[in-house]
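Because only heavy atoms are used, hydrogens play no part in the values below, and waters and symmetry mates are left out as well, while side chains stay in. If you read the sequence from its start, that first residue is 1, and numbering goes on from there.
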Amino acid sequence: MNDYLDLFLAYLTVEKGLTKNTLEAYSRDIAAYLDFLEGSGRTEPRQVRPTDVAGFIGGLKVAGLAPRSRARALSAVRMFHRFLLVENYSDLNPTSVIESPRVPGKLPSVLATIEVEALLNAPSGSSLADIRDRAMLQLLYATGLRVSELVSLRLSDVNLQAGYLMTSGKGEKERLIPVGEAAKQAVAEYLIASRGGPVPVESRFLFLSRFAEKMSRQSFWNIIKKRALEAGILKSISPHTLRHSFATHLLENGADLRSVQMMLGHADLATTQIYTHLSGDQLKKIHKQLHPRG
């Protein structure tokens, strides 16, 4: 059965253009699924029945996986069987009658404006690390980038004079995002500090580690945790918290949902709608300002 996994991954790489991280997630989920099938005596796709799929997902529940993780695994299994059906490796799709695990709704964690200001001002020193961290935090909040997009930015992706950057998100889809004045200034200061020395830095990536190498996602995760503590923010935050805050604060200040969707790189507008959890006071304010009889 693992031969089919190799074919499936090749299909995802060539036809779908999925990112490395997404491919790795699909590979793990399908490998576990195929191990389960072989343990049940299923050695060919045509032998698989809906009860087998249900048994696999049920086993994940027994193992303690959260509904969101089980739903992700089922999504991978669905795509795998659709691939097998289209490529004539199977004549049925056993996932068509399987319901997805119910995932409880969860609002993203968002920082208040005063917390964002404290976080952005935490790296206040003049060392290269402070200048870099300040630029990364400013740019992350100014653009709503994913952390993987932030650390993968190349020098050629950023046009400070025009006030835009180009990034490739999920599925390698490119999008253009405006960069505000504060972020432009912080990045310009970092470029002078990191590239303006007597020894040329050869890396094409914008943000570098202390070894002049591309910054890793885990390294920036540690940076934001450290800076949050310095800012006196006790709640648990991650790089994605600034992305959530970016979207929420834009909507609270009157941005339209479609524009926020484009800047975030969401394929589906419904994904962006999670950020419309405005407070009652904000809704009252909007109603009073915009309704004819407010």
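Proximity of a side-chain donor or acceptor of Gln47 to a complementary backbone N or O of Glu44 within less than 3.5 Å is detected. No donor-acceptor pair under 3.5 Å is formed between the side chain of Arg132 and the backbone N or O of Phe207. Between the side chain of Thr13 and the backbone N or O of Leu9 there is at least one donor-acceptor pair closer than 3.5 Å.
At most 12 non-hydrogen atoms from other residues, nucleotides or ligands lie less than 6.0 angstrom from CZ of Arg154. More than 12 heavy atoms of other residues, nucleotides or ligands lie within 6.0 Å of CE in Met166, so this atom counts as buried by the packing criterion. Within a 6.0 Å radius of CZ in Arg217, other residues, nucleotides and ligands contribute 12 heavy atoms or fewer. With a 6.0 Å radius and a threshold of 12 heavy atoms from other residues, nucleotides or ligands, Glu38 has its CD atom above the threshold.
When hydrophobic clusters are built by joining Ile, Leu, Val, Met, Phe, Trp and Tyr residues whose side-chain heavy atoms come closer than 4.5 Å, directly or via intermediates, Leu139 is grouped together with Leu160. Taking hydrophobic clusters as Ile, Leu, Val, Met, Phe, Trp and Tyr residues chained together by side-chain heavy-atom distances below 4.5 Å, Leu137 does not share a cluster with Leu229. The hydrophobic clustering, which links ILVMFWY residues whose side-chain heavy atoms are closer than 4.5 Å, places Ile177 and Leu155 together.
For the pair Arg195/Leu208, a side-chain contact is recorded, criterion being any heavy-atom separation below 4.5 Å from C-beta on. Here the side chains of Pro94 and Arg49 are not in contact, with every heavy-atom distance at 4.5 Å or above. You'll find the side chain of Thr113 stays beyond 4.5 Å of the side chain of Val116, heavy atoms only. At a threshold of 4.5 Å between non-hydrogen side-chain atoms, the residues Val260 and His266 do not count as touching. Met262 places a side-chain heavy atom less than 4.5 Å from the side chain of Arg258. Leu12 places none of its side-chain heavy atoms less than 4.5 Å from the side chain of Thr22. The side-chain heavy atoms of Val110 and Thr241, taken from C-beta on, include no pair separated by under 4.5 Å. Here the side chains of Val151 and Met136 are in contact, with some heavy-atom distance below 4.5 Å.
Ser259 and Asp256 form a side-chain donor-acceptor contact under 3.5 Å, judged by distance and modelled atom types alone.
Here the two rings, on Phe80 and Tyr26, have centers that are 6.0 Å apart or farther.
Taking every heavy atom of both residues into account, Val97 and Pro50 meet most closely at CG2-CB, 3.7 Å. In plain terms, the two heavy atoms of Gln138 and Ala182 that are nearest each other are OE1-CB, 3.7 Å. The minimum heavy-atom distance between Tyr164 and Leu176, with the atom names listed, is CD2-CG, 3.7 Å. Heavy atoms only, all atoms of each residue included: Ser90 and Leu85 are closest at O-CD1, 3.5 Å. Nearest heavy-atom pair across Pro239 and Trp221 is CD-CE3, 3.4 Å. Annotation for Asn88 and Arg46: closest pair O-NH2, 3.1 Å, computed over non-hydrogen atoms.
Rounding to the nearest 0.5 Å places CD of Glu230 at 12.0 Å from CG of Asn121. One finds the CZ atom of Phe36 at 9.0 Å from the CD1 atom of Ile57 (value rounded to the nearest 0.5 Å). Separation of atoms CD1 (Ile30) and CZ (Phe8) is listed at 5.5 Å; rounding is to 0.5 Å. Within the model, atoms OG of Ser156 and CZ of Arg204 stand 8.0 Å from one another, a figure rounded to the nearest 0.5 Å. Going from atom CG of Leu145 over to atom CG of Leu165 covers 5.5 Å, rounded to the nearest 0.5 Å. Taken to the nearest 0.5 Å, the CG atom of Leu150 stands 9.0 Å off from the OG1 atom of Thr167.
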Start with the C-alpha distance between Ile131 and Ile192, add both sets of side-chain angles, then the distance that settles side-chain contact (heavy atoms from CB on, under 4.5 Å), and finish with yes or no. CA-CA 10 Å; Ile131 295 171; Ile192 293 172; over 6 Å; no
Criterion side-chain contact (heavy atoms from CB on, under 4.5 Å) on Thr51 and Phe56, from CA distance to verdict: CA-CA 9 Å; Thr51 51; Phe56 171 68; over 6 Å; no
Might you work through the side-chain contact (heavy atoms from CB on, under 4.5 Å) test for Val53 and Leu74, ending with a clear yes or no? CA-CA 8 Å; Val53 180; Leu74 179 57; 4.0 Å; yes
As a quick check of understanding, evaluate salt bridge (charged side-chain N to carboxylate O under 4.0 Å, His left out) for Asp130 and Arg227, giving each step before the final call. CA-CA 10 Å; Asp130 284 325; Arg227 298 304 185 179; 2.8 Å; yes
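Note on Lys184 versus Glu189: no salt bridge recorded, every NZ/NE/NH1/NH2 to OD/OE distance being 4.0 Å or above.
Ring orientation note: the planes of Tyr89 and Tyr4 are nearly perpendicular, at an angle over 60° on the 30°/60° scale. Aromatic ring pairs are classed by plane angle as parallel below 30°, tilted from 30° to 60° and perpendicular above 60°; the pair Tyr33 and His81 is perpendicular.
Residue pairs meeting the salt bridge (charged side-chain N to carboxylate O under 4.0 Å, His left out) criterion with at least one member in residues 235-244, sequence neighbours excluded: Glu115-Lys235. Listed by first and then second residue, the salt bridge (charged side-chain N to carboxylate O under 4.0 Å, His left out) pairs involving residues 79-93 amount to none (not counting sequence neighbours).
Considering Leu140, Ile233, Ile114 as possible partners of Leu119, the one that fulfils the side chain to side chain contact (heavy atoms under 4.5 Å, CB included) test is Ile233.
Contacts of Phe246 classified as ring pair (Phe, Tyr, Trp, His ring centres under 6.0 Å), with partners at least two apart in sequence or in another chain: none.
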